[in-house]
Amino acid sequence: CPQCNHTGYRGRMAIHEVMTVSSKVREAINKRSSSDEIAKAAMSEGMITMRQDGMQKAFNGLTTIEEVMR
């Protein structure tokens with residue numbers, strides 16, 4: 001329809017990445033580890049990246065992969 005510009009979607013949806021500062025992440029920060037090492041520590045404790053969150057929303061039919069990649 002014209003309201004969704006023929007996409008089947010309407011409106012905006014946030015894609016989130018939230019890093020909880022656990023003891024493991026805090027230790028990496030205090031050691032002045034690289035941002036990659038801090039991210040690895042957070043992901044090892046269950047952090048979901050923005051791309052992962054977007055892809056989950058695409059697989060659930062809430063958005064498209066094209067929008068996530070854009």
Side-chain angles (χ1 to χ4, degrees):
C1 69
Q3 287 183 316
C4 70
N5 199 24
H6 307 285
T7 64
Y9 301 98
R10 184 171 160 207
R12 296 178 184 247
M13 173 177 297
I15 295 178
H16 300 89
E17 177 174 289
V18 178
M19 180 175 68
T20 303
V21 182
S22 64
S23 59
K24 187 174 184 178
V25 172
R26 182 175 287 113
E27 183 179 326
I29 293 168
N30 288 337
K31 286 182 179 178
R32 298 193 181 274
S33 299
S34 70
S35 59
D36 287 340
E37 291 170 332
I38 294 169
K40 283 180 186 177
M43 287 186 280
S44 75
E45 297 198 335
M47 182 185 90
I48 297 172
T49 66
M50 285 177 55
R51 181 166 286 180
Q52 289 170 325
D53 186 45
M55 294 305 275
Q56 283 180 339
K57 288 175 178 166
F59 292 138
N60 289 333
L62 301 173
T63 189
T64 64
I65 292 174
E66 291 79 13
E67 275 298 305
V68 172
M69 300 311 289
R70 188 171 70 103

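None of the values given here were measured: they were computed from a predicted structure. Numbering starts at 1 and runs along the sequence shown.
Asn60 has its side chain out of reach of Lys57: every pair of non-hydrogen atoms, C-beta onward, lies at least 4.5 Å apart.
Atom CD1 in Ile48 sits 12.0 Å away from atom NE2 in His16 (nearest 0.5 Å). How far OG1 of Thr20 is from CZ of Arg26: 11.0 Å, rounded to the nearest 0.5 Å. The structure places CD of Glu17 at 11.0 Å from CZ of Arg51, a figure rounded to the nearest 0.5 Å.
The two residues Ile38 and Ala28 come nearest to each other via the heavy atoms CG1-CB, 4.0 Å.
Here side chain to side chain donor-acceptor pair (under 3.5 Å) pairs that include residues 39-48, with residues two or more places apart or in two chains, are Ser22-Glu45, Lys24-Ser44.
Hydrophobic cluster membership differs between Leu62 and Ile65, with clusters built from Ile, Leu, Val, Met, Phe, Trp and Tyr side chains linked at under 4.5 angstrom. Taking hydrophobic clusters as Ile, Leu, Val, Met, Phe, Trp and Tyr residues chained together by side-chain heavy-atom distances below 4.5 Å, Met13 does not share a cluster with Phe59.
Scored by the salt bridge (charged side-chain N to carboxylate O under 4.0 Å, His left out) test, Glu67 finds Arg70 as partners (sequence neighbours excluded). Residues meeting the side-chain hydrogen bond (donor to acceptor under 3.5 Å, both in side chains) test with Glu27, sequence neighbours left out: Lys31. Taking Met43 as the reference, Ala39, Met47, Thr49 meet the side chain to side chain contact (heavy atoms under 4.5 Å, CB included) condition, with sequence neighbours excluded. Here Thr64 pairs with nothing under the side-chain hydrogen bond (donor to acceptor under 3.5 Å, both in side chains) rule; sequence neighbours left out. Not counting sequence neighbours, the partners of Ser34 by the side chain to side chain contact (heavy atoms under 4.5 Å, CB included) test are Asp36, Glu37.
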